[in-house]
**Student:** 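Please find one structure pasted underneath; my questions will follow.
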Amino acid sequence: MDKPLLEITGLASGYGDVQVLWSIDLDVKDGEIACIVGSNGAGKTTLLRTISGLVQQSRGQILFDGQDITGVGPNKVLQSGIAHVPEGRRLFKGLTVRDNLLLGAYLRHDRVEIQQDLDYIFDLFPILKERATQDATTLSGGEQQMCAIGRGIMSRPKLLMIDELSLGLAPALVDRLADALVEINRRGQTILLVEQDVMAAFELASRAFVIETGRIATSGTTAALSDDPKIQQAYLGI
Amino acid sequence: MDIGQILVNGLVLGALYACLAVGFSLVWGVLNVINMLHGSFIVLGGYLTFFAWHSFGIHPLVSLPFVALLLFGIGYLVQYLFVNKVVTAPVLTTLTLTFGLDMILYNIMTVFFSATPRRVTLDLGTLSFFGITMPVDRLFGMALALALTGLLYYVMRKSRIGRAIVAVRMDRAAATLMGIRVNHIYAITFGVGALMAGAAGAIFAMVFPITTNLTGMYIGKAFVVCVIGGLGSVPGALVGGLALGLIESISGHFFGPQHSLTVGFLVMLFILLVKPTGLVGKRGYE
Ligand SMILES: Nc1ncnc2c1ncn2[C@@H]1O[C@H](COP(=O)(O)OP(=O)(O)OP(=O)(O)O)[C@@H](O)[C@H]1O
Ligand SMILES: [Mg+2]
């Protein structure tokens, strides 16, 4: 087996005195779609924020692509190749769709290739091209999620982390976004997905980590977990 | 005096006001910092331009870019070393900090330059058209003020740094996820504010006498322009500046120049009551 792209061991973090994550072990392999599922307040967002350096870790280690990126800060984490599409999209108001996408490429200086990537995203989500000069926050929820994902891709990450892909979106739109993720994954993009909608997540991802009150409760292939009676009962409503 | 002359006077003055206020507005809008140093930055830019001309014979147009860049550097450092430490504190804290720094700068300038009014005299003559007369140096100052304000608008709208400034203003955490170093962008924003102040000072020195005693008046003008036009945007400062210039010119004609300041403040109060976001300000928008 080759080494995983992302390897997290014994990670703990929280906000001030409130500890949220307790000794998280997690790995993401190059080229796969992995997912993190769990109920409200389990710590999924906190985990992504700790990986991307928005939240300081208190213990543990994060290895990415052979480098130790523990505690290096958001700027260096992005530079090393991890993009984070935050919960709630967080597009920049007052800036156009195009400007929002270009901000994803803020750390890049290869003008020609930035333009190519922009075209790639307009290809992937044609509606964004139509709305390119419109204020990004005037888009519909689904379009905003497309823009947020596009903004993440614009940094050319080795790993794309998406928090709550389906939040507040109609099922048809979620399918549309899922198709797009499958497409970019087919082109080699490794993805770490956080989802409340476990069914949707299991359809997309090949492996899953179930997080409960800040700890990894179980993990495995989504095929195996779908057959696990405990998972079925707790998360799949079967 | 005929109405054409009054309007032209107002527009010339208004362009200068726009340039004077736009940096103050940017810093206030993006950083939520009321920069009490702004007036002193203007005077510093004016004095440096004057002394470059007076002592070394350097034309203001030549010294202006250097003066502006120097002020950018000073502004960057002030933000990076001092204001960034308290930038998330309530606005009163940063106001107090910049007020304190302003007293230091003000006193240094008074000691070094003395408070004597200074002015660059270019002797460009006057221009007459349609019965309106205007000193050429004022027209020149107006053109320069509009050009610089326009340039800032372009940079804010079209450049990578401009996008980053808006992003930081709208959502610090999301901006951080783009790899934007927020403290650096804050310092750049403050630097740009100081740069525009320095450039405005250089232009003022060609048109009016400059003295340290004017720092308070400059801040007052910048404040009124921001409230009338709308905070934190270049179009807001432009509209507010032109409006204030016209208001002062017109009211100066009808009620006497000694009352033009009062009328300006009254209009500001009126706008604060009926349209708190200013004439072109949209809440939360760049
Ligand atoms: N900024 C914060 N300060 C203090 N506590 C926080 C903060 N953000 C989250 N928490 C707490 O951390 C815990 C985990 O929150 P987190 O947002 O990571 O959960 P989540 O799994 O993403 O939940 P959801 O599915 O609702 O998005 C919660 O108990 C929450 O109250
Ligand atoms: Mg969450």
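Reminder, nothing fancy here: chain letters follow the sequence lines and each chain counts from 1.
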**Student:** Flag the one option from A:Leu91, A:Ile82, A:Leu78 with the top tally of heavy-atom pairs under 4.5 Å to chain B.
**Tutor:**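 Ranked by heavy-atom pairs under 4.5 Å with chain B, first place is A:Leu78.
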**Student:** Using a cut-off of 6.0 Å, state whether more than 12 heavy atoms not belonging to B:Phe223 lie near its atom CZ.
**Tutor:**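 Counting neighbours around CZ of B:Phe223, 12 or fewer heavy atoms of other residues, nucleotides or ligands fall under 6.0 Å, so no.
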**Student:** Looking at A:Tyr106, does the NZ or CZ of B:Arg163 lie under 6.0 angstrom from its six-membered ring centre and within 45 degrees of the ring axis?
**Tutor:** no
**Student:** Is it the case that atom NZ in B:Lys275 sees more than 12 heavy atoms from other parts of the structure closer than 6.0 Å?
**Tutor:**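 Counting neighbours around NZ of B:Lys275, more than 12 heavy atoms of other residues, nucleotides or ligands fall under 6.0 Å, so yes.
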**Student:** Does atom CZ of B:Phe270 have more than 12 heavy-atom neighbours, drawn from other residues, nucleotides or ligands, at distances under 6.0 Å?
**Tutor:**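 Not buried by this count: 12 neighbours or fewer within 6.0 Å.
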**Student:** Of all heavy-atom pairs between A:Arg108 and B:Arg160, which one has the smallest distance, and what is that distance?
**Tutor:**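 Closest approach of A:Arg108 to B:Arg160: O-NE, 4.5 Å.
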**Student:** Could you tell me the separation between the CE atom of A:Met154 and the CE atom of B:Met178, rounded to the nearest 0.5 Å?
**Tutor:**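 Answer rounded to 0.5 Å: 11.5 Å.
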**Student:** Is there a side-chain contact between B:Asp171 and A:Phe92, using heavy atoms and a 4.5 Å cut-off?
**Tutor:**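 Yes, side chains in contact.
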**Student:** Please give me the minimum heavy-atom distance between B:Arg157 and A:Asp99, naming the atom from each residue.
**Tutor:**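 Minimum heavy-atom contact is O-OD2, 4.2 Å.
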**Student:** Is it the backbone or the side chain of A:Leu103 that comes under 4.5 Å from a heavy atom of chain B, or both, or neither?
**Tutor:** both
**Student:** Just by distance, do the side chain of A:Asn75 and the backbone of B:Gly179 share a donor-acceptor pair under 3.5 Å?
**Tutor:** yes
**Student:** Considering residues, nucleotides and ligands other than B:Arg181, do more than 12 of their heavy atoms fall under 6.0 Å from its CZ?
**Tutor:**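 Counting other residues, nucleotides and ligands, CZ of B:Arg181 stays at 12 neighbours or fewer.
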**Student:** To the closest 0.5 Å, what do you measure between CG (B:Leu177) and CZ (A:Arg49)?
**Tutor:**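 One finds 8.0 Å between CG of B:Leu177 and CZ of A:Arg49.
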**Student:** Considering residues, nucleotides and ligands other than A:Tyr120, do more than 12 of their heavy atoms fall under 6.0 Å from its OH?
**Tutor:** yes
